[in-house]
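The next block holds one structure in the form of structure tokens; read it before the comments.
We name chains A, B, ... by the order of the sequence lines, and we start the count at 1 in each one. Quick caveat: nothing in here was measured; it's all calculated off a predicted structure.
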Amino acid sequence: MPLDKVYDPHRVERRWYDEWLQRDLFRADPDDPRPAFSMVIPPPNITGSLHMGHALNNTLQDVLCRWKRMSGCNALWVPGTDHAGIATQNVVERQLQAEGTNRQALGREAFVDRVWRWRDSSGGTIIMQLKRLGVSCDWSRERFTMDEGLSRAVREVFVRLYEEGLIYRDRYLINWCPRCRTALSDLEVEHADTDGHLYHLRYPLADGSGAIEVATTRPETMLGDTAVAVHPEDARYCGLVGKTVRLPAIGREIPIVADDYVDREFGSGAVKITPAHDFNDFALGRRHGLPAISVMDEGAVMTAEAGPYAGLDRYEARKRLVADFERDGVLVRTEPHKLALGRCYRCQTPVEPYLSLQWFVKIAPLAEPAIAAVRDGRTRFVPAHWEKTYFSWMENIHDWCISRQLWWGHRIPAWYCDACSTTIVAREEPTTCSCGGTLRQDPDVLDTWFSSGLWPFSTLGWPEDTAALRRWYPTSVLVTGFDIIFFWVARMMMMGLKFMGDVPFREVYIHALVRDQHGQKMSKSKGNVVDPLVVMDTYGTDAFRFALVAFAAMGRDIKLAEDRIEGYRNFMNKIWNAARFVLMQLEDRPAEPVRPVEELTAQAYAGLGIADQWILARLADAGAAIDEALAQYRFNDAASRLYEFAWHEFCDWYIEMAKIAFAAGGDTAEATRRTLVGVLECLMRMLHPFAPFISEEIWQALPRAARGASIVTAPYPPARMPWAEDTGMVEARVGRVIGVVRAVRNIRAEMNLPPGRALDAALAVEDPAARRDLEIDQPMLHTLARIGGLRWLAPGESVRGAATALVDGVQVFVPLAGLVDVDEEIRRLTKEIGKVAGELAGVARKLDNPSFRERAPAEVVEEQEQKAATFASKKAALERSLRTLEEARAAGA
RNA sequence: GGUCGCAUAGCUCAGCUGGUUAGAGCGCCUGCCUCACAUGCAGGAGGUCCCUGGUUCGAGUCCAGGUGCGACCACCA
């Protein structure tokens, strides 16, 4: 069955993915004794749909996983999804809103039920899309952070940390989203510079002896002021410390205190202190024993404490207050001011510092071992500079607020007794309090990241002691973006070390962010989002994956250029057509199974034709380079080497050389046929981690011994081929042929010689051995360069009135008589001589420098000397030719 | 305010431990529908490697400073 002329990815992709699943090829077995390789997927949110970040992240993981699986590892890749507390709750709440209702009306149980239903119907979208990408996860181990098993792990961790005093409950100032009506961790607040105002207010001293001026960006919080602070050494105010001021609007009397937190240079040097609405003020208030008065409620509406402003929204209260103060002369002046306004990372509502009772993880004792593990190399970041980011955060880490006032998530396993105010923290729901009172469970749920922090071991069955855990923990590598180093990587480190006694992963490969072609972050609001599914539809999954891998250079953001994806689509088509060619050579002959090229003996290799030896040598070279690049996460290097080999060595040269052998027929043709199929077969295995679909499709079309096997579990070509020990001679020999062919083609094109017509040529070869080789390899010259008559000259001999070029010690002459004007060749030659002269000058400069000869290593000096000699003789030869041309012209004229 | 990253061809980018003629893709120019492929083939043009110093026999590559982008962290009202 002949293949289509153009590769059609859609015909191929779905079919093979289903086949792989059906044959269970991605399943890993803990009893499989081969070396372990394991990864856990960064679990996408169930609310998500596949974006470029996912596509890159999972493609890189799949390349590693498929490569390791083929390379003889017991490779496990655990997939799954995250329940994504706020995000998911928001989605379902929006649905309810559209239906004209809300979660309060529904009640907690019904609401949670509703979210589960949503998850069952829509939460699998992203998994379907990942499968489309071709990822080779062990789907039998797919997990969800709210699964029974993972929930058990969450409770276990909570209880153990609580029992050790590492989880505590406290009334504290936390970040609060008034729209989501929940606490947020520090990380869940996004700061952005925002234009605002600085309001200068005059607070009168209670004793009537004057006033003190304070500045604030948030005048409405003054209703909760409980002090004014000045610097202890500020001469302007030292007499006032201990006195009191009377708050405008509500008349409360508050003290003036001294604290060196105050910056004397800023504003008036006096600060209003609002412990319940500002983090600095909260700390200062604790130092000075000041009361904290909340003037806003959980919806950021002013409370009764706000007196006349009670019931107003925070911004409305500000407007009224400013107007009133302006009228009453309290407002001294207003000036524009930039501030870093914090917003909720889920809904962008400005967050509010809010005083409330929350659960916290005492983080320092957990952070310390996590820092040590990276310092001593038990976990290694790639690229290494991310360690610095990790350290700087870990070393300045604050206690982690883990309670969320949401309904969707892991309910906090704490129960309170109505009767005796006991708190019970337990793995399973307790029935009654020891005092006989009824128990109420804490209404809050845990931060989503609490459960994702357990992911590397909870997915493997912890807290059970499972075979999977013993086999695959610690995982080999975590592949993720830098945006979640703090959210996720750091937490997994802490939890893994705490509960497994070992790091969760040996290496962390941090990849870049995908941006648009102008380097802008993709976002819906900018309208520059490129949908990976559309890209896959347009160019095919393999082309898309290959493009992502080729883009994934370390330490740089990825700008997604669509024309490059198109380029890799063309590459896939090129491979497809190379396969078509190979298969055409096999038509009408007995299906001799292809023999893996790695099984060739050195003796058999030596007996092959020169072109065959050459392509095998290049294959081995590419294989070694790809293997090394992957081992170092240099994905782009691996991809470009593969591309270079497949297109510019295998297709451009070897296939063309093979045609010559086929035209000759006989045993040579048979041997070439075997090499051709062998190299293609090997190339498909080499390609498979990058482009799983096309490689399988082609591989299956080849005549193989094990017809039933899939390329998924075929052996990856070894980094060292047994026969490729000493291929230097072969490569030089074929390299010379290629050089001569290129020189002739160049002359033909530059001189505008007719492309179809065979040209006569003459060659003067310096080295006798090289000449013997070239004479044997003559058929390649004739065909590839379209040379008709070929004459062999003695070294130094030249041809009058010919275009010439010098490559690898071979001077090529193409007689021009009657073909073109000589002037054109003189121009071309002069240019070439200029180039060589420049190179020669560069080398000569080095060699003329005495300290270069003195201090550079001997082999470098020798190398330069050889180069100088080559350039010099090349220049001389070209100049000789130039002279003969000039003579010819003079004679002609 | 602190930390980090990046500046190489018209565009998007490679260039690992300092030593080939600084590379690729796209775009551009010339010529080809050559029996695997026009999603192709052959050839070509195009670069003060951001600036200034320094280290070195030798710097796109290492160091310092500068300029310009970008990112992250941060409780100065």
task = Answer yes if the side chains of A/E190 and A/Y345 hold a donor-acceptor pair under 3.5 Å, and no otherwise.
result = no
N/O (side chain, A/K388) to phosphate O (OP1/OP2, B/U3) under 4.0 Å = no
request  = Check every atom of B/C76, B/U39, B/A36 against the side chain of A/D263 and return the nucleotide holding the closest atom.
outcome  = B/C76
task = Return the set of residues passing salt bridge (charged side-chain N to carboxylate O under 4.0 Å, His left out) with A/R287 (not counting sequence neighbours), or none when no residue passes.
result = A/D259
query = Do the side chain of A/E656 and the base of B/A36 come within less than 3.5 angstrom through a donor-acceptor pair of N or O atoms?
reply = yes
inquiry  = I'd like to check the side chain to side chain donor-acceptor pair (under 3.5 Å) partners of A/D195; sequence neighbours left out, ordered by chain and number.
reply    = A/K338
ask   = Quick one: salt bridge (Lys or Arg N to Asp or Glu O under 4.0 Å) pairs with a partner in residues 835-864 of chain A, sequence neighbours left out?
value = A/R853-A/E865
ask   = If you check every side-chain atom of A/R745, which of B/G19, B/A42, B/A77 has the closest atom?
value = B/A42
Taking N or O atoms only and anything under 3.5 Å, show me the protein contacts with nucleotides 58-64 of chain B, one pair per line.
none

Below 3.5 Å between N/O atoms, which protein atoms pair up with nucleotides 54-56 of chain B? Just atom names and distances, please.
none

ask   = In chain order, what residues pass the side chain to side chain donor-acceptor pair (under 3.5 Å) check against A/D186, with sequence neighbours excluded?
value = A/N175
message = Roughly how many Å apart are B/G40 and B/G25, using the P atom of each and rounding to a whole number?
response = 11 Å
request  = Identify, with sequence neighbours excluded, every residue that meets ring pair (Phe, Tyr, Trp, His ring centres under 6.0 Å) alongside A/Y172.
outcome  = A/F282, A/F360
inquiry  = In whole Å, measure the gap between the P atoms of B/G44 and B/C4 for me.
reply    = 46 Å
message = I'd like the P distance from B/G2 over to B/A74, given in whole Å.
response = 16 Å
query = When you compare B/U56 with B/G18, how far apart are their C1' atoms, in angstrom units rounded to a whole number?
reply = 9 Å
Enumerate the protein-to-nucleotides 24-27 of chain B contacts in which both atoms are nitrogen or oxygen and the separation is below 3.5 Å.
residue : atom : partner : partner atom : Å
B/C26   : O2'  : A/D563  : OD2          : 2.9

A/K659 vs B/U34: side-chain N/O to OP1/OP2 distance below 4.0 Å = no
Side chains of residues 642-664 of chain A: which donor-acceptor partners sit under 3.5 Å, not counting sequence neighbours?
residue : atom : partner : partner atom : Å
A/H648  : ND1  : A/D652  : OD2          : 2.8
A/E649  : OE2  : A/R618  : NE           : 3.1
A/E649  : OE2  : A/R618  : NH2          : 3.1
A/Y654  : OH   : A/D612  : OD1          : 2.6
A/E656  : OE1  : A/K659  : NZ           : 3.4
A/E656  : OE2  : A/K659  : NZ           : 3.1

ask   = Reckon A/R786 has a side-chain N or O less than 4.0 Å from the OP1 or OP2 of B/U34?
value = no
key: A/H337 and A/F266 aromatic ring geometry - parallel, tilted or perpendicular at 30°/60° bounds   = perpendicular
inquiry  = Using a 3.5 Å limit on both distances, find every run of at least three consecutive Watson-Crick or G-U pairs that involves RNA chain B.
reply    = B:1-7 with B:67-73, B:10-13 with B:23-26, B:28-32 with B:40-44, B:50-54 with B:62-66
query = So, for A/W386 and A/F381, is the gap between ring centers shorter than 6.0 Å?
reply = no
ask   = Does a nitrogen or oxygen in the side chain of A/N636 sit under 4.0 Å from OP1 or OP2 of B/C13?
value = no
task = Examine the base of B/C37 for any acceptor or donor lying under 3.5 Å from a partner atom in the side chain of A/K5, and report the outcome as yes or no.
result = no
inquiry  = For a quick test of reading the model: is some side-chain N or O of A/K867 closer than 4.0 Å to OP1 or OP2 of B/G19?
reply    = no
inquiry  = Ring centroids only, cut at 6.0 angstrom: are A/F571 and A/F690 within range, meaning strictly under it?
reply    = no
key: Side chain of A/S851 - closest among B/C57, B/A77, B/A45   = B/C57
Nearest-Å distance once atom C1' is located in both B/G47 and B/G5 = 24 Å
task = Please measure how far the P atom in B/C49 lies from the corresponding atom in B/G53, and state the result in whole Å.
result = 14 Å
message = Let me confirm one number: the OG1-CG distance from A/T274 to A/L173, rounded to the nearest 0.5 Å.
response = 10.5 Å
inquiry  = Roughly how many Å apart are B/C6 and B/C62, using the P atom of each and rounding to a whole number?
reply    = 9 Å
inquiry  = Donor-acceptor check, side chain of A/T226 to backbone of A/L290, threshold 3.5 angstrom: yes or no?
reply    = no
Proximity to the side chain of A/F482 - top-ranked nucleotide from B/U21, B/A71, B/A77 = B/A71
Distance-only donor-acceptor pairs under 3.5 Å for side chains of residues 737-750 of chain A, two or more places apart:
residue : atom : partner : partner atom : Å
A/R745  : NE   : A/L784  : O            : 3.3
A/R745  : NH2  : A/L784  : O            : 3.3
A/N746  : OD1  : A/R828  : NH1          : 3.0
A/R748  : NH1  : A/P754  : O            : 2.9
A/R748  : NH1  : A/R757  : O            : 2.7
A/R748  : NH2  : A/R757  : O            : 3.4
A/R748  : NH2  : A/A785  : O            : 3.1
A/R748  : NH2  : A/R786  : O            : 3.0

inquiry  = Work out how far the P atom of B/U61 is from that of B/C16, and round it to whole angstrom.
reply    = 11 Å
ask   = Salt bridge check: are A/R11 and A/D4 linked by an N-O gap of less than 4.0 Å?
value = yes
ask   = Which pairs, with at least one residue in residues 261-273 of chain A and sequence neighbours excluded, count as a salt bridge (Lys or Arg N to Asp or Glu O under 4.0 Å)?
value = A/D225-A/K272
request  = Please tell me which of the listed nucleotides, B/C41, B/G44, B/C57, lies nearest to the side chain of A/D652?
outcome  = B/C41
